[in-house]
There are 2 protein chains.
Amino acid sequence: MERSSTGTGGGRRQATRQKLYEAAVTLIAEQGFSATTVDEIAERAGVAKGTVYYNFASKNELFEELLRHGVGLLTASLRDAAEETERRGGSRVEALDAMIRAGLVFIDRYPAFTQLYVAELWRTNRAWQSTLMVVRREAVAVVETVLREGVERGELSAEIDVPLTAAAMVGMVLVAALDWQSFQSERSLDDVHSALSLLLRGRVSGNR
Amino acid sequence: MERSSTGTGGGRRQATRQKLYEAAVTLIAEQGFSATTVDEIAERAGVAKGTVYYNFASKNELFEELLRHGVGLLTASLRDAAEETERRGGSRVEALDAMIRAGLVFIDRYPAFTQLYVAELWRTNRAWQSTLMVVRREAVAVVETVLREGVERGELSAEIDVPLTAAAMVGMVLVAALDWQSFQSERSLDDVHSALSLLLRGRVSGNR
DNA sequence: GTTTTTGAACTGACCGGTCAGTTCAAAAGA
DNA sequence: TCTTTTGAACTGACCGGTCAGTTCAAAAAC
């Protein structure tokens, strides 16, 4: 028996699953879930169709595990950025700034996953809706926590609405990054980070 | 003889096309383009399948025209908001604020369309990609123009990167609104508008 | 004003093709 | 030996698109 955990580790099985994730994520990002066939996924992964069904119960389950895997990476990365700032004694605004950068780095590294996540997040009536809600909550919670800490410490205005502001921040990072990659790919990650940082720090219109 | 123009008017044909748009937009928003069948669209519109093909060359074309139609409404609404502010002698920041509200109102009225637009916008390799690029450009241009005017008049920092800031603003409105509807539906439109207005005006973290 | 004609709009059964999922014997790895 | 992968064959459901036929309001004819 092979260990069946979901580590990053090096079992033969894990390697196959990883290849299938990578094949599935780009194909589904490009075409959508329904338009992507299992045959295509297997072919791009360089694997037989039977192997897909040896490793995953169904096309749906492959996708759900892919979702969990990807958002898990993002959440860990955001948490790291926040904790690293904390360790350095940085302010909460700096922590938010670091999380923005972490988000951009993640999107830069996994553009297909991001695209696919955005495309599915607000859909209703889909089999994996509950899975998606769970992972979304985990990711948003990281942002909300830092916002709340900022308010407590007086760094952020007490007027702000934490859940809505968190959504808005996630939105500006997500859309700016996807737009950057699709329509403004000549810009650098630093350019995008600067633009978002300016907005976060209220230096677009708030200061004089 | 029936008139065959593409007005908003009341011909029988236009009425049928409108019903097909409405049926298609909700189904595709819920399930995605590929997962939505022409039979479903026809059934929800209360029309025979053949009628779909009498009015549109293909499933693809129905979708593309739907896209053009919807983004056209949004663009007009944003432009109205900006011009109305101008007419009142309002500042460019006020114009941006009015456009945020107009965006929220639009999303509130056409949630399915918004959802579908977001899900498709960054997809590659799709038949309607070029159509989407065209309509996107029209919509973003409205925001960019107002930002540029704001910089010229010294209302907005000269440091800002117009295209990236425009993308970020669109993103915060889009994601905040979709999140509001999906996960925070108890909030009012004014709540969401206030939260975004605060961010735009730099009163989240920028002022002391 | 009544009858006839016209043709745009609509209908729905049907067809060719595709796809998810299953199975399994045999090969490849460890 | 035991696990994992292979790849081809098969099934049954489903789907986009077609097309011959129907409907009906308005124009034409008388």
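Chain naming here is simple, since letters A, B, ... match the order of the sequence lines and numbering starts at 1 in each.
Dashed line: the shortest gap from a side-chain N or O of A:T16 to OP1 or OP2 of D:dT5 is under 4.0 Å. A close approach under 4.0 Å does not occur between any side-chain nitrogen or oxygen of B:N60 and OP1 or OP2 of D:dG16. Remark: B:K49 is not in phosphate contact with C:dG12, judged by side-chain N or O atoms under 4.0 Å from OP1 or OP2. A:N55 has a side-chain polar atom (N or O) that falls below the 4.0 Å cut-off from OP1 or OP2 of D:dT5.
Within residues 20-43 of chain B, the residues approached by DNA chain D to less than 4.0 Å at the level of any non-hydrogen atom are B:T36, B:T37, B:V38, in residue-number order.
To the nearest angstrom, P of C:dT22 lies 14 Å from NZ of A:K59.
Between the side chains of B:E61 and B:S58, no donor N or O sits under 3.5 Å from an acceptor N or O. Donor-acceptor pairing under 3.5 Å is recorded for the side chains of B:T36 and B:Q31.
Each end of the helix from C:dG1-D:dC30 to C:dA30-D:dT1 gets its own axis, taken as the rotation carrying the C1' atoms of four end pairs onto the next four within a five-pair window, and the two axes meet at 30° to the nearest 10 degrees.
A:A168 and B:M172 get closest at one heavy-atom pair: O-CB, 3.4 Å.
Counting only residues at least two apart or on different chains, the salt bridge (charged side-chain N to carboxylate O under 4.0 Å, His left out) pairs with a member in residues 97-117 of chain A are A:D97-A:R201, A:R101-A:D190.
Taking the ring centre of B:Y54 as origin, the terminal cationic atom of B:K49 falls outside the region bounded by 6.0 Å and 45° from the ring axis.
Across the interface with DNA chain C, nearest-nucleotide mapping of A:A57 and B:Y54 shows B:Y54 to be the residue nearer the 5′ end.
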